[in-house]
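Keep in mind the model is a prediction, meaning the values are calculated, not measured.
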Amino acid sequence: VKERLAETSDARRMIETKGGPSFSGLKDVRSSLARADMGGMLNTRELLDIAGVLFCARSLSSYASGRGETGTLGRLFSSLMPNRFLEEKITTSITGEEEIADSASPELADIRRKMRAASARVRDSLQRIISSPSYSKVLQEAIITQRGGRYVVPVRAEKRGELPGLVHDVSASGATLFVEPMGVVKANNELRELGAKEKAEIERILMELSAECAASRGNIDLDYNVLTALDLIFAKAELSYAMNGGEALLTENEVRLIKARHPLLDKGRVVPVDLTLGGEAHDTIVITGPNTGGKTVTLKTIGLMCAMTCCGLHIPAGDGSAVPVPEEILADIGDEQSIEQSLSTFSSHMVNMVDILRRCGPGTLVLLDEVGAGTDPTEGAALAISIIEYARKAGALLAATTHYAELKMYAANTAGVVNASCEFDVETLRPTYRLLVGIPG
């Protein structure tokens, strides 16, 4: 967790000094590389994706080299293996998703030059036919079109015998025949042959590029894995910057939140929470107060600050905030009534509670919302106290919300348990959402 937090902090420092790096062009190319490694031919899209990964690796390397000290991210940046030669070979050979450049090979350039010349000869011959006054009544329209990859002209069906040639297609009405005049058959044949040669040469080029990618598979795979790791780290740093977060200190068994805000609440309106749980002070906090006063949000904030820190995320809290790295966060929050499973509100809470009590122990954080609710108040309060006692004896840190007066008395009279409340303005009859530790609601 320390390492993850340090990576997020270093990435945020780099973003603040020189802006964030770009990960555009980064696609998952591992399956394409595996196929190339088995001798398969990659298509143009797959090869361009591989070039995108190589470009991304090169741009990230240059981003790091121009940023001075990279801290804990240095080992990731230094393990990138850009291959500019292969990247440029792909991008200069493939100019679009379905387009191979003439410069991809001398043979392809020669074939395409001959194709252009043959095409020009065919079109010149056909142009003379459609421009000739003697054929004006034979042709349906004075245009040159293509059928089956061969150049043809549209001829009126009744005038078929006046223009010798091969019929390649008929219009839906049968009134027009698409005829290849005999004079252009040889040039059209040459075009078809050159087209087949072009296709074979393109396949050879793609196979050659695929083989080169397969030869560099290890490095490209490594680049992809490093880039996705860096992308995640910089995403965490961007989030930290957006929510004005900071790196939490790590403690053995103490939650210490200073001006902590739930990250999903509006930054401008949220009322920050200050509280301490664990350490030498108290291992249990019982929060009371009115409905909609912020009790549940406080519970969620405690759990979320710990979970975010475990993931290497900064937390939206003031400097000096500290959290432990719990073995588990065990939460029973919200009404899980299920018609399908015939569970009442109370039953569903108890099902959760049995599981929580089975798993709680030293190093666990237990969060209980409306503990013991859903049954007779007297029995519910007694049950809630026994649940809290059991979890405390097991060594868990515990935060619970309640409406029961008995739990307020229990917290006031038990060492290691503290009351807290969500403030309520009696004059306006509105909650202020401020948490007051040491005062029951």
Report task. Would you please name every residue forming a side-chain hydrogen bond (donor to acceptor under 3.5 Å, both in side chains) with Glu3, sequence neighbours left out? Result ->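 For Glu3, the residues satisfying side-chain hydrogen bond (donor to acceptor under 3.5 Å, both in side chains) (neighbours in sequence not counted) are Arg75.
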**Report entry** For the student: nearest non-hydrogen atoms of Ala396 and Thr364, plus distance
**Finding:** CB-OG1, 3.4 Å
**Report entry** Short side-chain to backbone donor-acceptor contact, Ser216 and Cys213, under 3.5 Å
**Finding:**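 Side chain of Ser216 to backbone of Cys213, a donor-acceptor pair under 3.5 Å: no, none is there.
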Requested in this report: For side chain to side chain contact (heavy atoms under 4.5 Å, CB included), just list the numbers for Phe178 and Val170, CA-CA rounded to whole Å, side-chain angles, deciding distance to a tenth of an Å, and then say yes or no.
Outcome: CA-CA 6 Å; Phe178 294 94; Val170 183; over 6 Å; no
Requested in this report: Please step through salt bridge (charged side-chain N to carboxylate O under 4.0 Å, His left out) for the pair Asp169 and Arg150, ending with a clear verdict.
Outcome: CA-CA 11 Å; Asp169 199 4; Arg150 301 178 79 89; over 6 Å; no
Query raised in the report: Are side-chain heavy atoms of Leu275 and Leu435 found at a separation under 4.5 Å?
Result: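 They are in contact (side-chain heavy atoms under 4.5 Å apart), so the answer is yes.
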Requested in this report: Evaluate salt bridge (charged side-chain N to carboxylate O under 4.0 Å, His left out) for Arg359 paired with Glu327, printing each intermediate quantity in order.
Outcome: CA-CA 10 Å; Arg359 289 158 65 181; Glu327 292 291 321; over 6 Å; no
Requested in this report: Check the surroundings of atom CG in Asp319: do more than 12 heavy atoms from other residues, nucleotides or ligands lie under 6.0 Å from it?
Outcome: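 Counting other residues, nucleotides and ligands, CG of Asp319 stays at 12 neighbours or fewer.
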Report task. Starting at CD1 of Ile94, measure out to CG of Leu47 and round the result to the nearest 0.5 Å. Result -> 4.5 Å
Query raised in the report: Is the NZ or CZ atom of Arg12 both under 6.0 Å from the centre of the six-membered ring of Tyr241 and within 45° of that ring's axis?
Result: no
**Report entry** For Arg269, side-chain contact (heavy atoms from CB on, under 4.5 Å) partners two or more places apart
**Finding:**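 Counting only residues at least two positions away or on another chain, Arg269 forms a side-chain contact (heavy atoms from CB on, under 4.5 Å) with Asp266.
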Query raised in the report: Do Val286 and Lys408 pass the side chain to side chain contact (heavy atoms under 4.5 Å, CB included) test, and can you show the C-alpha distance, the side-chain angles, and the key distance before you say yes or no?
Result: CA-CA 7 Å; Val286 175; Lys408 302 176 196 176; 5.8 Å; no
Report task. Give a yes or no on whether the backbone of Val29 and the side-chain of Asp49 come within a donor-acceptor separation of less than 3.5 Å. Result ->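 No; zero donor-acceptor contacts below 3.5 Å.
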Query raised in the report: Roughly how far apart are Met14 CE and Ile233 CD1, rounded to 0.5 Å?
Result: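 So the CE of Met14 and the CD1 of Ile233 are separated by 10.5 Å.
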Query raised in the report: Counting N and O atoms only, with roles assigned by atom type, does the side chain of Lys199 sit under 3.5 Å from a partner on the main chain of Leu194, one being a donor and the other an acceptor?
Result: no
For residues 299-310, which side-chain N or O atoms pair as donor and acceptor with protein atoms under 3.5 Å away, sequence neighbours left out?
residue : atom : partner : partner atom : Å
Thr301  : OG1  : Val297  : O            : 2.7
Thr309  : OG1  : Met305  : O            : 2.8

Query - Derivation of the side chain to side chain donor-acceptor pair (under 3.5 Å) call for Glu370 and Thr402 - result: CA-CA 5 Å; Glu370 299 293 354; Thr402 184; 5.2 Å; no
Query - Side chains of Val255 and Leu257 in contact at under 4.5 Å (non-hydrogen atoms) - result: yes
Query raised in the report: Any donor-acceptor pair under 3.5 Å linking the side chain of Thr414 with the backbone of Val417?
Result: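 No, Thr414 side chain to Val417 backbone: no donor-acceptor pair under 3.5 Å.
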Query - Check: Asp28 side chain, Arg30 main-chain N or O, donor-acceptor pair, under 3.5 Å - result: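 Side chain of Asp28 to backbone of Arg30: a pair is present.
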Query raised in the report: Is there a side-chain contact between Leu26 and Thr228 (heavy atoms, below 4.5 Å)?
Result: yes
Report task. Only one of Leu368, Val366, Leu398 passes side-chain contact (heavy atoms from CB on, under 4.5 Å) with Ile387; say which it is. Result ->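 One option only clears the test, and that one is Leu368.
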Query - Heavy-atom closest pair, residues Ser24 and Cys56 - result: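 Smallest heavy-atom distance, with atoms named: O-SG, 4.2 Å.
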Query raised in the report: Side chains of Arg192 and Asn188: closer than 4.5 Å at any heavy-atom pair?
Result: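 Side chain of Arg192 against side chain of Asn188, heavy atoms only: no contact under 4.5 Å found.
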**Report entry** Evaluation steps, salt bridge (charged side-chain N to carboxylate O under 4.0 Å, His left out), between Lys89 and Glu208
**Finding:** CA-CA 11 Å; Lys89 188 168 183 181; Glu208 185 183 297; 3.0 Å; yes
Requested in this report: Could you check whether the rings of Phe234 and Phe23 sit parallel, tilted or perpendicular, using 30° and 60° as the cut-offs?
Outcome: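 It falls in the tilted class, 30° to 60°.
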**Report entry** Nearest non-hydrogen partners of Gly320 and Leu249, listed with the distance
**Finding:**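 Taking Gly320 first and Leu249 second, the nearest heavy atoms are O-CD1, 4.0 Å.
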Report summary line: Across all chains, not counting sequence neighbours, the side-chain hydrogen bond (donor to acceptor under 3.5 Å, both in side chains) partners of Asp283 are Arg392
Query raised in the report: Are any side-chain N or O atoms of Asn413 and backbone N or O atoms of Met409, one a donor and one an acceptor, separated by less than 3.5 Å?
Result: yes
Requested in this report: Could you check if a side-chain atom of Arg261 sits within less than 4.5 angstrom of a side-chain atom of Asn244, using non-hydrogen atoms only?
Outcome: yes
Report task. Go through the structure and list residues passing side-chain contact (heavy atoms from CB on, under 4.5 Å) with Arg58, not counting sequence neighbours. Result -> Phe55, Pro82, Arg84, Glu87
**Report entry** Flag side-chain contact, heavy atom, 4.5 Å: Val152 against Gln146
**Finding:**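 No - every pair of side-chain heavy atoms lies 4.5 Å or more apart.
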Report task. Identify whether the distance between the nearest side-chain nitrogen and carboxylate oxygen of Glu107 and Lys197 falls below 4.0 Å. Result ->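 Looking at Glu107 and Lys197, the cut-off is not met.
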Report task. Starting from the C-alpha separation in whole Å, work towards a yes-or-no answer on side chain to side chain contact (heavy atoms under 4.5 Å, CB included) for Ile287 and Ser421. Result -> CA-CA 5 Å; Ile287 307 169; Ser421 59; 5.9 Å; no
Query raised in the report: Looking at CD of Glu254 and CG of Leu277, how far apart are the two atoms once the value is rounded to the nearest 0.5 Å?
Result: 8.5 Å
Requested in this report: Give a yes-or-no answer on whether the side chains of Tyr151 and Ser119 include a donor-acceptor pair shorter than 3.5 Å.
Outcome: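 Distance-only check passes for Tyr151 and Ser119.
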Report task. Indicate yes or no for a side-chain donor-acceptor contact from Tyr404 to the backbone of Gly372 under 3.5 Å, with no hydrogens or angles considered. Result -> yes
Query raised in the report: Is Ser210 reaching over with its side chain to a backbone N or O of Met41, donor-acceptor style, under 3.5 angstrom?
Result: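 The answer is no, because no donor-acceptor pair under 3.5 Å joins these two groups.
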Query - Minimal non-hydrogen separation, His282 against Gly416, with atom names - result: CB-O, 3.2 Å
Query - For Thr375 against Phe346, the heavy-atom pair lying closest together - result: CG2-CE1, 3.5 Å
Query raised in the report: Can you tell if the side chain of Thr44 reaches within under 4.5 Å of the side chain of Glu98, non-hydrogen atoms only?
Result: yes
Query - Pairwise side-chain contact, Val418 with Thr284, heavy-atom cut-off 4.5 Å (strictly under) - result: no
Query raised in the report: Is it the case that Ser9 and His314 place a side-chain donor and acceptor less than 3.5 Å from each other?
Result: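 Their side chains do contain a donor-acceptor pair, which is all the 3.5 Å distance test asks for.
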Report task. Show the numbers, then the answer: is there a salt bridge (charged side-chain N to carboxylate O under 4.0 Å, His left out) between Glu201 and Arg204? Result -> CA-CA 5 Å; Glu201 179 59 17; Arg204 188 197 68 76; 2.8 Å; yes
Requested in this report: Find the distance between CG (Asp355) and CG (Asp332) and round it off to the nearest 0.5 Å.
Outcome: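 One finds 10.0 Å between CG of Asp355 and CG of Asp332.
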Query - Trace of the side chain to side chain contact (heavy atoms under 4.5 Å, CB included) decision for Leu367 with Leu330 - result: CA-CA 6 Å; Leu367 305 170; Leu330 305 169; over 6 Å; no
Report task. May I ask you to decide if Arg4's main-chain N or O and Thr8's side chain share a donor-acceptor pair within less than 3.5 Å? Result -> yes
Query - Among Arg113, Lys114, Met115, side-chain contact (heavy atoms from CB on, under 4.5 Å) partner for Ile111 - result: Met115
Requested in this report: Name all residues meeting the side-chain contact (heavy atoms from CB on, under 4.5 Å) criterion together with Val271; count only those two or more places apart in sequence or in a different chain, and write none if there are none.
Outcome: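 Expected list: Tyr433, Arg434.
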Query - Heavy-atom pair of closest approach, residues Ser321 and Ile258 - result: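 The pair with the smallest heavy-atom distance is OG-N, 3.0 Å.
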